[in-house]
Amino acid sequence: MLLSHPLVFDPSSGTYTVPDGLTVWLGHPSVVLGCLALLAGYFWLVGPGRARFAGSAPVHPARQAAFVAGVAVMFAALSGPIHEYGDCCLFSVHMVQHLLVTLVMPPLLLAGMPAWAFRPLARMRVIGPLGRRLTRAVPAFLLFNVLFAVSHVVPVYELQMRNHDFHIALHLAYMVTAVIMWWPVCGPLGVPGWPRLAPPLAMLYLFFQIVPGSLVGAIIALAPEPLYPWYAEAPRVTEMTALYDQQLGALIMWVAGGFFWVFALTTVFLIWAAREEDEARGPLRGEARAPGR
């Protein structure tokens with residue numbers, strides 16, 4: 001399905017607007033139904049369906065809230081103004097959308113998922129070995145970042161903007177590979193053969209994640225002219241030129257993405273330090289309570 005810029009010209013103001021972009025949040029039916037199905041499946045899993053999983057345990061409300069937040073981020077990114085403006089005319093908004101579905105949504109979804117839900121998958125003949133390979137640090141890193149880099153090559157990017165079916169497939173691939181990429185850092189503990197990295201290695205892994213986005217962002221930001229005809233041809237809905245919009249989007253990818261990775265790295269360090277401190281204090285508390293001391 002080939003796309004054209006879905007804009008409406010207002011002769012009274014001489015400007016273009018996105019239909020319903022800022023006023024209607026109902027979204028595309030596929031996004032609404034997909035998010036509702038995801039929530040329904042999750043609450044069945046942690047509710048009445050939990051009895052079907054051996055070794056299952058109640059999922060803490062905070063973890064359930066994290067999963068709901070992840071689905072909310074997905075809906076916000078794929079519906080409403082972010083979707084409409086990013087898809088039709090603003091590269092910078094499209095980059096915000098990509099950051100939401102690759103950096104914010106996956107760790108929230110993983111934080112809400114219990115390990116016992118994945119154990120049957122880990123024992124399956126095909127999925128188990130495939131998961132063991134893909135969730136290792138190097139394959140997970142390459143799988144996501146190669147897709148990320150290739151998708152910003154001009155012909156590939158243009159194809160996704162002009163072909164709706166390819167655009168949907170690429171967004172799904174982004175989300176799936178992003179979840180795999182995050183697994184070594186925040187995947188559920190206790191899934192046989194699908195382990196997390198130890199905190200020092202997880203911090204190193206997150207540090208290297210800064211590099212691909214920074215490189216791609218720098219290349220786009222330093223381009224002397226608009227790279228993507230889709231956005232160069234789009235009617236301007238803001239005072240930004242196509243080149244300025246491209247530079248802003250590249251900086252979002254480069255700087256905002258980099259800050260997010262630093263935030264994630266710092267979070268891993270703080271959790272690790274707190275755990276180490278708690279374990280170090282444990283024996284001391286035991287000695288303080290020991291009789292005769």
Side-chain angles (χ1 to χ4, degrees), residues 55 57 59-60 62-63 65-67 69-70 73 98-119 121-122 127-149 174-218 252-287:
V59 178
H60 194 278
R63 298 184 63 188
F67 189 91
V73 170
H98 285 180
L99 292 185
L100 288 174
V101 298
T102 60
L103 301 191
V104 181
M105 179 200 75
L108 288 172
L109 296 182
L110 287 172
M113 288 299 297
W116 49 260
F118 289 97
R119 288 174 191 151
L121 295 176
I127 296 178
L130 183 63
R132 284 194 289 274
R133 290 182 176 88
L134 294 182
T135 56
R136 303 290 178 180
V138 173
F141 179 92
L142 292 175
L143 188 66
F144 172 75
N145 285 296
V146 169
L147 174 67
F148 174 83
Y174 267 149
M175 291 187 283
V176 171
T177 57
V179 169
I180 294 171
M181 177 268 292
W182 277 101
W183 186 283
V185 177
C186 53
L189 291 170
V191 182
W194 300 8
R196 276 199 215 175
L197 291 170
L201 292 176
M203 293 164 59
L204 185 64
Y205 178 81
L206 290 170
F207 174 78
F208 280 114
Q209 292 287 358
I210 299 172
V211 177
S214 297
L215 287 176
V216 175
I252 290 171
M253 181 195 308
W254 183 0
V255 180
F259 273 119
F260 191 91
W261 290 121
V262 172
F263 170 77
L265 188 156
T266 304
T267 302
V268 171
F269 172 76
L270 292 175
I271 293 173
W272 176 42
R275 188 178 303 151
E276 291 289 312
E277 183 178 359
D278 187 63
E279 291 177 358
R281 287 178 176 178
L284 295 178
R285 287 196 296 266
E287 290 178 6

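What's counted below: heavy atoms across the whole structure, side chains too, no hydrogens, waters or symmetry copies.
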Does some side-chain heavy atom of Pro212 sit less than 4.5 Å from a side-chain heavy atom of Phe141? yes

Discussion item. Does any part of the side chain of Val104, heavy atoms only, come nearer than 4.5 Å to the side chain of Leu99, both counted from C-beta?
Written reply: no

Between Met181 and Leu143, is there a side-chain heavy-atom distance shorter than 4.5 Å? no

query: How are the rings of Phe148 and Phe144 set to each other: parallel, tilted or perpendicular (split at 30° and 60°)?
result: parallel

Worksheet item: Are any of the side-chain heavy atoms of Phe67 and Val59 separated by less than 4.5 Å?
Response: no

dist Leu197:CG -> Arg136:CZ (nearest 0.5 Å) comes out at 9.5 Å

Tyr205 side chain near Val268 side chain, heavy-atom distance below 4.5 Å = no

(Q) Counting C-beta onward and ignoring hydrogens, is there a side-chain heavy-atom pair between Trp182 and Met105 closer than 4.5 Å? (A) no

_Using a 3.5 Å distance criterion without hydrogens, assess whether the side chain of Arg63 forms a donor-acceptor pair with backbone atoms of Met113._
yes

Worksheet item: Ser214 versus Met253: any side-chain heavy-atom pair under 4.5 Å?
Response: no

Note to self: Is it the case that the side chain of Arg132 and the backbone of Pro192 share a donor-acceptor pair, with hydrogens and angles ignored and the cut-off at 3.5 Å?
What the structure shows: no

Taken to the nearest 0.5 Å, the spacing of Phe118 CZ from Ile127 CD1 works out to 11.5 Å

**Report entry** Heavy-atom side-chain contact between Gln209 and Asn145 under 4.5 Å
**Finding:** yes

Between Trp194 and the options Leu134, Leu189, Thr135, the side chain to side chain contact (heavy atoms under 4.5 Å, CB included) test singles out Thr135

